[in-house]
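Atoms within a ligand are numbered from 1 in the order they appear, just like the ligands themselves. Bear in mind that the values here come from a model prediction, so they are computed numbers and not experimental data.
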Amino acid sequence: MKNITILIPAYNEEAIIDQMYERLTAVCAALLNYEFNFLFVNDGSSDGTLDKLKQFKKQDQRVQYIDLSRNFGKEIAMLAGFDHIQGDAAIIIDADLQQPPELFGEMLDWWEAGYDDVYAIRKAREGEKWFKKWASKVYYQLLQKVAKEKVYPQAGDFRLLDKKCIQALTTLREQERYTKGMYGWIGFKKKEIAYVAEPRAAGESKWKFSELVKLALDGITSYSTIPLKIWSIVGFVISLFAFAYLIFELIKTLAFGTETAGYASIIAGILFLGGIQLISLGVIGEYLGRVFIETKERPLYFIQEYSEEEEKQQKSNRDESGAR
Ligand code: UDP
Ligand code: MG
């Protein structure tokens, strides 16, 4: 029987995780041809999420959990999961029930048909503000303009990945992760299916606005270096204008003599160029900051507790005491 790991990153999901677990197990019970594991990654929750996971583990052999040493963010939490997946395929799903587990069956069918990456796109989102919808639409259009690879806008992390894809993803070990971009980058055979996103069943979205902005920047900087190049072009064009203006002034002075007007235009020119220079420095800084972080080559996460390791430990302890 094929082994499928369901990967669930969870950060402060105490309010909903029971419901999630029930729904997961119900859906999986109906899929008779597969053996399921549930791998929860507790991303440094400060509420009772971990206790709930331990409870699940007690009553259900198939549950595994990784408890990270602090909150690392969803991107890293997923990587921690990838590193520990042993199944033939994995399905990533959020803990908040915004994505229907009922899609598993369809995903698995496409996987059996030979696809390696079956991703579900959101059709219409309920319970989301128009600004968030609009911003994400504009953002993905921009991203596609600067990216060489195809960007899959409405495709999130809700997807089935063959072990080939998981293996590939674990080799990409950048700190500033933008996993949505990585799925496209690694390639493999992709299949798109659709679902209607549900509003969060309980609890709150963990993304703060500032974090969304950071993720958006990570997306662009990880996809392309075009923002760096833009400034060479802007600089070139401005120098060209400045040079033309210089010649114009030179001829004017030679022909008509000097006059001491032009104070305002000088100030305007200086401020304009100063602004451009600061922006371009900022863009360089964004990239340099990322280079700095990557060159440190720090481990991406630390594990406080991994349920399977504990089990192995207990087993080997038992074996040892048995041998004595
Ligand atoms: N999540 C996580 N670490 C974080 C933030 C979120 O593991 O630092 C998990 C969260 O528990 C959920 C998933 O990532 O399972 C998606 O988070 P959320 O629903 O808050 O994001 P949204 O659906 O609003 O994009
Ligand atoms: Mg959500």
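- Of the N or O atoms in P9, one or more lie within a sub-3.5 Å distance of an N or O in ligand 1.
- Here the rule is side chain to side chain donor-acceptor pair (under 3.5 Å) with N42, and of D67, T49, D51 only D67 fits it.
- Close approach of ligand 1 to N71 is summarised as follows: ligand atoms under 4.0 Å from at least one heavy atom of the residue are 3 (N), 4 (C), 8 (O).
- Under the ring-ring contact (aromatic ring centres under 6.0 Å, His included) criterion, Y301 pairs with no residue, sequence neighbours left out.
- Contacts between V41 and ligand 1, counted as non-hydrogen atom pairs separated by less than 4.0 Å, are absent for every part of the residue.
- For ligand 1, the atoms lying closer than 4.0 Å to a non-hydrogen atom of D96 are 18 (P), 19 (O), 23 (O).
- Using a 4.0 Å cut-off to heavy atoms of D43, the atoms of ligand 1 that qualify are 2 (C), 3 (N), 4 (C), 7 (O), 8 (O).
- For D96, the N/O/S atom at the shortest distance from the Mg ion (ligand 2) is named OD2.
- Within the structure, ring pair (Phe, Tyr, Trp, His ring centres under 6.0 Å) contacts touching residues 79-113 (residues at least two apart or in different chains) are H84-Y306, W110-Y115.
- A salt bridge does not link R23 with D18: every distance from a Lys NZ or Arg NE/NH1/NH2 to an Asp or Glu carboxylate oxygen is 4.0 Å or more.
- Near E13, meaning under 4.0 Å from any of its heavy atoms, are these atoms of ligand 1: 10 (C), 11 (O), 12 (C), 15 (O).
- A salt bridge is defined here as a Lys NZ or Arg NE, NH1 or NH2 lying under 4.0 Å from an Asp or Glu carboxylate O, and D117 with R159 meets this definition.
- Of the charged side-chain nitrogens involved, at least one lies within less than 4.0 Å of a carboxylate oxygen, so that E112 and K2 count as a salt-bridged pair.
- By the criterion of a heavy-atom distance under 4.0 Å, both the backbone and the side chain of K74 are placed next to ligand 1.
- Remark: E305 engages K54 in a salt bridge, criterion side-chain N to carboxylate O under 4.0 Å.
- Of the heavy atoms in D94, both backbone and side-chain atoms come closer than 4.0 Å to ligand 1.
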